[in-house]
Amino acid sequence: MRESAAAQFPLTLDAKWPARSGACVWHSACCSLCTVSIPLTDLCTLANRIWCCTLCATLGVQYFGCSRWLPCLQQELVQLLAFDYRSLECHVEGVYIHGVRSTALYAQHNSKTSSMGSVCYPLKFENGKVYQYTYTTSTLFSEVNTENKLGATQKDVGVQLSVNFDLTALLTSDDAQFLKLQLTSAKFSSVARPTEERDLPSLLKYPAFFEMTGDTIEKVFLVDADPVFSTNIKKGIMALFQVKEGAGERTEVDVCGECKVSYAVPSPGTVSKTKNSCQNLEIAGQFTSPNKVLGLTVWNKATVHYELKDGVVHTATGTTRLVSYLNLRTNTGRSLVMSLLPSDDEVQQCTESSCQSPKQLVGKLHDDLMKEKLATLDSAKAFVKMLRSFRNSGKATLAEVLSSPDSYYIVQQLIDIATAAQTRPAQEALMDLVSFEDDYALEYPERYLFAAAYSTHPSESLIRDLITVLGKKLPSETLKESLLLGLASIINTYCQVKVQCQQPIVKEVQTLLVTGLENCGEQTCRQMYLRALGNAGLPDTIAVILPHTETPNAAMLSCTAIEALRRMHKQFIDDSVKQAMLRILHQNQVQYDSSVRVAALMMILRNQPSPQVLKDILLAGLDQTNFEFSTYVVNSVRDAAVTDASVRQSLSAVLQDPFFNNYHVLSQKGKSSIFTNFLAKTTDINATYTMYIENSNAGIMKKSGMDVNLLGKLLNQPFMKFGIYAEGLESLVGDEEEGEQNDDAAPVEPTAGMSFNLMDVLLRQIEFFRGSAGLMSAVWNAPSELTSALQGNLLLQDHFQRVHLSNGLVVEVEVLGVLSMDLSGYASISLWNRNCEALIKNSGALYIEGTMRLDSSLLKSGLVFSGEGQSAIDFTVDADFYEMPLKLCMQMLRPAFTFKQSVVKYERLKGLKRLRRRRSKSSKITAESYFLNKANTEECRVMKKEDEE
């Protein structure tokens, strides 16, 4: 999805003197102060007198029936302004006089200006003279490509404002001006229906005032009764008069926020102003996903071209362009255009779903929220509708919905939604609903912790609640592990905002995890805390994790510790970490299980190994004592060179040496493999899958699985990883000829299980069996029908931002992306035939909805984009262990599916008929069988031939 905005605001000037006739009747409460003699030493009273007299003189027409200026009063104010009254600003800010409020726009006086040799000459309006301008601004929403020229077409929607206004310099001094802005006419029309227009009398009722010091607007004065929409438009007009006549660069604060501004002087009397990188000064209620791949990029740039004469703006023509796009965008997205400029927030947009109470929506969407609908688009769309409603509801309302008998069969899906809402009322309602101390009801807390682990903008109160729960007596170790993993993942997200990472609560969680690890007595306990430290990814914990990587007698513990380093930024992977990984790989001090050495190898390859390090790795492949390990080592180096440019460059340098670039080193006899291929290709980002199989010399699988990664020019995001692990299975088939065995190690208990990692968050592992008795139990109880292991709805994309545009209007940009998923499988094992058939089915539905709309109660216009798709990947395994070596055939299939996208543009302008335009498109994606590796293909061919015979 791509959205953009463009604003055009031409100004034309006509200056004249005001009429002078009639008499003035001044209000005694204020204007009498102007005639009282005040000692100049009484600064506070003098300051109030200055502003009181100013407002009295300028608002006399509006409030007191005065139709002309008082020359004596005007002269007195000019004399008062001769003093340095700016030193008195602290006494008058925020003072209310006759319904007028004072708001300050604080400019950067110390902004950096490039030394281009030009001298700044600020605008200078003649005192008491009225300058008449014509102002037009259009806000356009259009589905166009980014390379197309901006401008209205017959498909555009939006609104055009036409305004005439008078600008009067009431008071002037050497470097300061006090100006009055009065709109004399205002009307709006539809962009799609330009002949339909309406007046806007609310903009004409009150004037506005602003103070300019040099070429910077210091303060803005607004009538308190003036509506926000009106004051926004006036602030946008005022901002046009903040212009530096000389070339250079500086930081300015205006209605767009704090912006980097550059000026150019293409010819005498003309100035070009370019404004970009504007930061909104009001960020309350705004949020975005810290995950860059799934986040949203919002870019804006404004250009204004001025024609100046004698220190007065004669014309100003400009365009503001606002572009928002998903970082995970493809050619299925759309570009949207509009023209705008911002200020105060006016209204909270209320969509059809968010205006309805959660109780109403639950009744309408009940069937779509059922467990059976998970991993479908119906479930994902219902999630988005409910989420908006939940975010606008209080604790009592949410608690009623969560505990209602009507919600009994959909409570777990409602827990997903309430957790994703990430509001304090939703969190409090969940804490009342979910019980962490009852051993008979673990489904709710497990589901809550699963959803919380993917919070997009977690709060400190959420972290505090989980710390409190952790201090209670929990009914099971599995729940404790889920709690630790979820809390650690939340801390990692929380720390993506650097300021937040300095908060004491982060240190508190770190201490909690480190202390827990130190107090563990059993290996399973240490593995649990190491997994949590891996999810947290706090650099300060590397020194705590590292010693556990070198544990030769506990292969699972060492692998877990190495995996816990995965989220550490490369800058923190120093020589001590790299040397430890090299010691493990080359077994310099003690022997390690091959799975530990492989984990160390992958860590080395991820951190830019030098050519010399690659040479040493390839030399390790010459040892044929464990030929399956040697095969995996060489294949891993080759595979890393496919996706990592630094490894590719180093390997290319190594292979210049004939000693390494030969059959003896690169050709291995084992069946272990690792292979990366494309899952999907787009113009912006690619999805790759990596299949890996690590065998023992006996042909028994030690580890197998698949990694899915999202790759872009500057992005590398792990998306999903599931793997099956096993150790000690050789003893079950009477073959223990592993050359890597450590003679001092205790016998390894046969163990197998599955690990799952989604969005680089490690979830609680599922153990299939432990020991011979556990194996027999797993065989007899293996599900012969498809059974869900992990289900839920996750909010992957979550962005809300208000962008203040150069014409005074405010645009809201919002994106919600939901993944509805179901990971299920079955296994059919025959001890009589000594074979096994297994299926892992990963089903999912993705729904993305993005909006760009005007934040206005009078002029509602915008664009809504949506993209949706539903599919599954089936991973099947057929194993035949009737005779050794074991035969294994794996297949990965994806059925055909359709990806749909739509764009809806609308206008709801007060006094005009509603307008709605919709465009949709469907793309059919053909079915695909993914290539794994050549050895697997040959194995499948042999097994299929035997079945046919």
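Keep in mind that the numbers below use all heavy atoms, side chains included, and drop hydrogens, waters and symmetry copies. As the structure is a computational prediction, the values presented were derived from the model and not from experiment.
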Between Cys256 and Cys278, does the disulfide bond (SG atoms under 2.5 Å apart) criterion hold? Intermediate values first, please. CA-CA 6 Å; Cys256 296; Cys278 291; 4.7 Å; no

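- Leu222 places a side-chain heavy atom less than 4.5 Å from the side chain of Lys235.
- Thr397 contributes no side-chain N or O that, together with a main-chain N or O of Ser393, makes up a donor-acceptor pair within less than 3.5 Å.
- Under the salt bridge (Lys or Arg N to Asp or Glu O under 4.0 Å) criterion, Lys273 pairs with Glu252, not counting sequence neighbours.
- Leu200 pairs in a side chain to side chain contact (heavy atoms under 4.5 Å, CB included) with only one of the listed residues (Leu183, Leu161, Val163), which is Leu161.
- Using a cut-off of 4.0 Å between Lys/Arg side-chain N and Asp/Glu carboxylate O, Glu907 and Lys860 are scored as not salt-bridged.
- Salt-bridge check for Arg388 with Glu849: passed, with a basic side-chain N closer than 4.0 Å to an acidic carboxylate O.
- Residues Leu398 and Ala426 approach most closely at CD1-CA, 3.5 Å, considering heavy atoms.
- The pair Lys275-Asp254 meets the salt-bridge criterion, with a side-chain N (NZ, NE, NH1 or NH2) lying under 4.0 Å from an Asp/Glu carboxylate O.
- For the pair Lys913 and Glu196, the salt-bridge criterion is not met [side-chain N within less than 4.0 Å of a carboxylate O].
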Verify side-chain hydrogen bond (donor to acceptor under 3.5 Å, both in side chains) between Ser820 and Asn793, making sure each step is shown before the conclusion. CA-CA 4 Å; Ser820 184; Asn793 291 314; 2.7 Å; yes

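- Looking at heavy atoms from C-beta onward, Val815 lies in side-chain contact with Ile848 at the 4.5 angstrom threshold.
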Let me see the working for Lys364 and Gln356 under side-chain hydrogen bond (donor to acceptor under 3.5 Å, both in side chains), right down to the final yes or no. CA-CA 11 Å; Lys364 293 180 180 180; Gln356 298 184 61; 2.8 Å; yes

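- Between Thr317 and Val304, the closest side-chain pair of non-hydrogen atoms is not below 4.5 Å.
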Decide yes or no on side chain to side chain contact (heavy atoms under 4.5 Å, CB included) for Lys900 and Lys921, but give the supporting numbers first. CA-CA 6 Å; Lys900 298 179 181 179; Lys921 178 184 177 182; over 6 Å; no

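- Taking each heavy atom of Val811 and Leu854 in turn, the nearest pair found is CG2-CD2, 4.1 Å.
- Under the 4.5 Å side-chain criterion, counting only non-hydrogen atoms from C-beta, Phe188 is in contact with Leu912.
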Please assess Lys234 against Asp226 for the test salt bridge (charged side-chain N to carboxylate O under 4.0 Å, His left out), listing each intermediate value before the final yes or no. CA-CA 11 Å; Lys234 292 167 185 174; Asp226 207 2; 2.6 Å; yes

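- In this structure, Glu868 pairs ionically with Lys381, as a charged nitrogen and a carboxylate oxygen lie closer than 4.0 Å.
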Gln801 vs His799, side-chain hydrogen bond (donor to acceptor under 3.5 Å, both in side chains): CA-CA, chis, key distance, verdict: CA-CA 7 Å; Gln801 181 178 355; His799 183 98; 3.0 Å; yes

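- At a threshold of 4.0 Å, the pair Arg391-Asp798 counts as salt-bridged, since one of the basic side-chain nitrogens sits closer than that to a carboxylate oxygen.
- Here the shortest heavy-atom pairing between Leu859 and Leu909 reads CA-CD2, 3.9 Å.
- By the 4.5 Å heavy-atom criterion applied to side chains, Cys259 and Asn276 are not counted as neighbours.
- Inspection of the Ser866 and Ser902 side chains reveals an N or O donor paired with an N or O acceptor under 3.5 Å.
- The two atoms that bring Tyr306 and Gln242 nearest to each other are OH-O, 4.4 Å, heavy atoms only.
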Could you go through the side-chain hydrogen bond (donor to acceptor under 3.5 Å, both in side chains) check for Thr134 and Asn164 one step at a time? CA-CA 5 Å; Thr134 299; Asn164 291 325; 3.1 Å; yes

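- Evaluation of the side chain to side chain contact (heavy atoms under 4.5 Å, CB included) rule for Gln160 yields Thr136, Ser138, Ser162, Ser189 as partners, not counting sequence neighbours.
- Arg894 places a side-chain N or O within donor-acceptor distance of the main-chain N or O of Thr926, the cut-off being under 3.5 Å.
- At a threshold of 4.0 Å, the pair Asp416-Arg447 counts as salt-bridged, since one of the basic side-chain nitrogens sits closer than that to a carboxylate oxygen.
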Is there a side chain to side chain contact (heavy atoms under 4.5 Å, CB included) between Leu365 and Lys385? Walk through the geometry before answering. CA-CA 9 Å; Leu365 303 174; Lys385 294 177 181 178; 4.0 Å; yes

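- Under the 30°/60° scheme for interplanar angles, the aromatic rings of Tyr133 and Phe165 are found to lie parallel.
- Of all heavy-atom pairs spanning Gly862 and Val157, the tightest one is O-CG2, 4.0 Å.
- Side-chain contact between Tyr847 and Asp378: absent, with no pair of heavy atoms (C-beta onward) separated by less than 4.5 Å.
- Side-chain contact between Val903 and Leu863: present, with at least one pair of heavy atoms (C-beta onward) separated by less than 4.5 Å.
- With hydrogens and angles ignored, the 3.5 Å screen pairs a side-chain donor or acceptor of Gln413 with a backbone N or O of Leu369.
- You'll find the side chain of Thr139 stays beyond 4.5 Å of the side chain of Ser861, heavy atoms only.
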